[in-house]
Amino acid sequence: MLSSLLIALSITLMYSAPLTLAAIGGVISERSGVVNIGIEGMMSIGALTGAVVGYFTHSAWLGLLCAGLAGGVLALLHAIASISFRADQTVSGIAINLIGPGLAMFLSRYFFDGASITYPVPEKLPKLAIFSYLKGTPFANFNIDVSVVLALAVVVVTWFVLYKTKWGLRIRALGEHPAAVDTLGVPVYRSRYACVIMSGILAGIGGGTVTLAVISQFTPIAISGQGFIALAAVIFGKWKPWGAYGACLLFGFSQALVIMLDGGVLHVPSTILAMIPYVLTILILIIFVGRSSAPRASGVPYEKGAR
Amino acid sequence: MTKNIAKFLKTNFMCTCIAVFLGFIVACAILLITGYSPSLSMAVMFNAVFSRAKFIVNVIIKSTPIILTGLSVTLAFKSGLFNMGAEGQFIASTIAASIVGIKCNFHPLIQIPLVICVGVLAGALMGGIVGWLKAKCGIHEVITSIMLNWIALYMCNFVANSEMFHKPDSDGTFPINHSGQTLLFYDWKFSHDGREYLQAHPILNDIILKTDFNLNFLVAVVIAVLVWVIIYKTKKGYEFRASGLNPDAARNAGIDVTRNIFYTMLISGALSGLAGVLSLTGSSTPVLHVLSVFENYGFNGLSVALIAGASPIGCIFAGLMFSALIYAGQTLQSKIGTPSDIVNIMIGTIVFFVALVRIIPVWVNRYLQKEERKNAQ
């Protein structure tokens with residue numbers, strides 16, 4: 001019983017870590033007033049970059065770093081469109097979602113002789129055996145990916161910065177009333193650029209953890225929908241770091257449920273089980289969460305001097 | 001003179017053309033950097049679409065579903081909703097249509113409308129759920145859409161794998177009964193007379209025998225006009241647009257915004273449903289396949305709507321272009337080994353530039369104002 005609970009916990013954490021990283025990126029971007037629908041694309045390019053750099057340099061950490069950078073570069077495109085060019089942020093985000101996976105597949109074929117699957121990385125991100133001193137108990141075999149710790153750290157830091165520091169107040173104000181922030185002398189465009197790029201870096205790292213910690217290579221379905229789930233988690237969590245983390249954990253937990261129930265005592269087809277996370281999300285939204293309101297200026301391009 | 005050029009540049013059509021052009025430039029640049037020949041690739045892509053009547057007809061046939069999902073997204077856009085669920089509505093429609101198409105077998109005059117109605121209703125139901133949850137519980141339509149897409153995907157796999165429908169040794173169900181198919185000249189083209197006649201007319205042979213020849217594209221065109229009429233010429237359409245542009249003002253004017261959200265999603269879902277069922281009945285292998293990933297009919301509809309600038313008529317042309325690019329991409333990889341993914345990059349860049357070029361009218365207006373001030377002085 002205890003050991004299966006532990007397995008469920010470790011699956012939950014493993015699934016939720018990439019989602020959390022990406023979702024926190026989404027929170028940061030949206031809180032500064034820029035809708036980031038392109039998370040999926042940024043995760044894809046991060047996943048590919050992580051796998052390629054990890055494979056060629058034999059260093060998972062370098063791969064993760066480059067994954068973040070790649071996501072950041074894609075986010076820069078989104079920032080240029082949505083901040084400087086005042087473009088429709090949804091359209092630009094959708095464009096990123098097309099460019100990211102397209103570019104990832106293209107580069108995979110370019111680097112690996114036309115194969116859409118990269119070679120496995122020689123070294124994955126380390127796992128931490130946090131209870132290794134409890135020898136002889138089920139806890140001893142319980143280990144978690146380092147990405148899980150990273151995700152939690154990002155949540156804590158983001159929460160702290162957003163709610164306990166001067167910058168955080170400014171970021172939150174940017175999403176509600178950018179003109180007011182502008183009158184205080186805070187550079188609106190530059191701050192939004194920073195937030196969007198940060199969001200891309202986190203999404204890229206999230207994608208990188210998929211190919212460097214969960215599976216060890218890039219495949220066309222390595223990133224299939226996680227970005228959208230992260231997007232849903234942002235809204236589900238009401239644009240708050242802990243809320244988004246909770247949503248990601250819930251999602252990871254229902255994935256764990258699917259795996260644990262499959263082939264178990266209940267003879268439910270696996271396709272029906274696979275629906276659990278999605279049905280559960282909708283039900284919880286109906287019962288507990290309900291009406292959600294985005295940051296007021298989110299999605300509205302800011303024009304200096306406009307009334 | 002420059003003024004006229006400036007005004008011309010301002011039109012939506014020109015802006016879109018510029019975006020498409022820039023998309024091609026970027027794709028060529030990427031090809032050049034990675035060591036593939038851009039000119040050869042473009043030539044191959046051009047030939048892949050225009051060199052044979054069969055190719056052109058195939059592009060038109062393949063454009064039908066994405067034009068319809070594009071219209072679905074466009075309609076939702078007009079009332080301020082983002083229908084990311086076109087994918088799920090499409091799948092739901094194919095599931096329902098397959099079940100009815102396999103289980104029932106009436107005369108085509110009854111069977112075809114029946115299958116289409118069931119598909120459209122399934123799509124409308126999916127859209128309706130999203131609209132209802134948004135209107136009643138205030139749940140963001142994007143979340144429910146994303147979740148319902150996945151639910152539809154697994155439902156599809158459930159049906160396709162179920163004992164009742166699964167065809168042994170295949171990756172899908174039995175085909176739907178022939179009476180429900182909307183292929184044109186299907187019996188005739190394989191008959192003795194038909195073969196003889198087509199052999200004498202090579203171009204017709206190319207168009208009719210070598211493709212899944214059907215009239216779905218015309219349906220899509222009619223629907224596009226219909227959507228245009230609904231949006232711009234009816235009272236309901238006016239209400240939809242008002243709710244989208246300014247919900248508060250619309251509410252003040254006595255428009256029931258929440259009810260309109262529901263209606264919009266219902267119609268939007270029905271359109272995606274129509275896309276799904278027509279792509280099933282218009283295929284020569286009308287089978288519900290097990291899906292490991294999304295087939296992207298809905299997501300591509302999103303791009304079509306965006307490239308078309310949410311214009312219903314524009315969706316027809318954007319859909320044709322999109323379909324041509326995808327079709328050409330497949331040839332590109334098989335013929336000269338350029339990764340077909342370059343097409344996705346190209347489409348993404350076009351959409352990206354579509355977002356960027358909205359700034360052109362702003363620039364042009366600023367320029368025109370400056371000119372006017374100069375003249376006044």
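Order of the sequence lines sets the chain letters (A, B, ...), proteins ahead of strands, with each chain counted from 1. Just so it is clear, the structure is predicted and the values come from calculations on it, not from any experiment.
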Practice prompt. Flag the one option from B:S162, B:S340, B:P339, B:C156 with the top tally of heavy-atom pairs under 4.5 Å to chain A.
Written response: B:P339

Worksheet item: So which of B:Y36, B:F294, B:F82 has the largest heavy-atom pair count under 4.5 angstrom toward chain A?
Response: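 Of the options given, most contacts go to B:F82.
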
Region of [X] that comes under 4.5 Å of a non-hydrogen atom in chain B:
X: A:S92; result: both
X: A:T90; result: side chain
X: A:I276; result: neither

Region of [X] in contact with chain A, defined by heavy-atom distances below 4.5 Å:
X: B:S145; answer: neither
X: B:V362; answer: side chain
X: B:I345; answer: both
X: B:I146; answer: side chain
X: B:L133; answer: side chain
X: B:M346; answer: neither
X: B:L302; answer: side chain

Looking at [X], I'd like to know if its [atom1] atom is crowded, meaning that more than 12 non-hydrogen atoms belonging to other residues, nucleotides or ligands lie closer than 6.0 Å.
X: A:W242; atom1: CH2; answer: yes
X: A:F253; atom1: CZ; answer: no
X: A:M275; atom1: CE; answer: yes
X: A:I221; atom1: CD1; answer: no
X: B:F158; atom1: CZ; answer: no
X: A:Y189; atom1: OH; answer: yes

Taking C-beta and beyond as the side chain, do [X] and [Y] meet within less than 4.5 Å on heavy atoms?
X: A:R109; Y: B:D341; result: yes
X: B:N149; Y: A:F228; result: no
X: A:L285; Y: B:M147; result: no

Closest contact, heavy atoms only, [X] versus [Y]:
X: B:F352; Y: A:I99; result: CB-CD1, 4.3 Å
X: B:G348; Y: A:L98; result: CA-CB, 3.5 Å
X: B:W150; Y: A:G225; result: CZ2-CA, 3.8 Å
X: A:V91; Y: B:A355; result: CG1-CB, 3.8 Å
X: A:I286; Y: B:C137; result: CG2-SG, 4.4 Å

Worksheet entry | chain B contacts, top residue of A:I96, A:L103, A:D88, A:I80 (heavy-atom pairs, under 4.5 Å) | A:L103

Fill in: Pick from A:F85, A:Y278, A:Y110 with the largest number of heavy-atom pairs that fall under 4.5 Å of chain B
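The answer is A:Y278.
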
Spacing of [X] atom [atom1] and [Y] atom [atom2] [to the nearest 0.5 Å]:
X: A:I235; Y: B:I139; atom1: CD1; atom2: CD1; answer: 11.0 Å
X: A:I94; Y: B:I347; atom1: CD1; atom2: CD1; answer: 13.5 Å
X: A:F106; Y: B:L31; atom1: CZ; atom2: CG; answer: 5.5 Å

Worksheet, complete the sentence: Tested for side chain to side chain contact (heavy atoms under 4.5 Å, CB included) against A:T271, the lone hit among B:L153, B:V290, B:N157 is B:N157

Discussion item. As a quick check of understanding, evaluate side chain to side chain contact (heavy atoms under 4.5 Å, CB included) for A:I282 and B:L148, giving each step before the final call.
Written reply: CA-CA 9 Å; A:I282 294 183; B:L148 283 174; 4.2 Å; yes

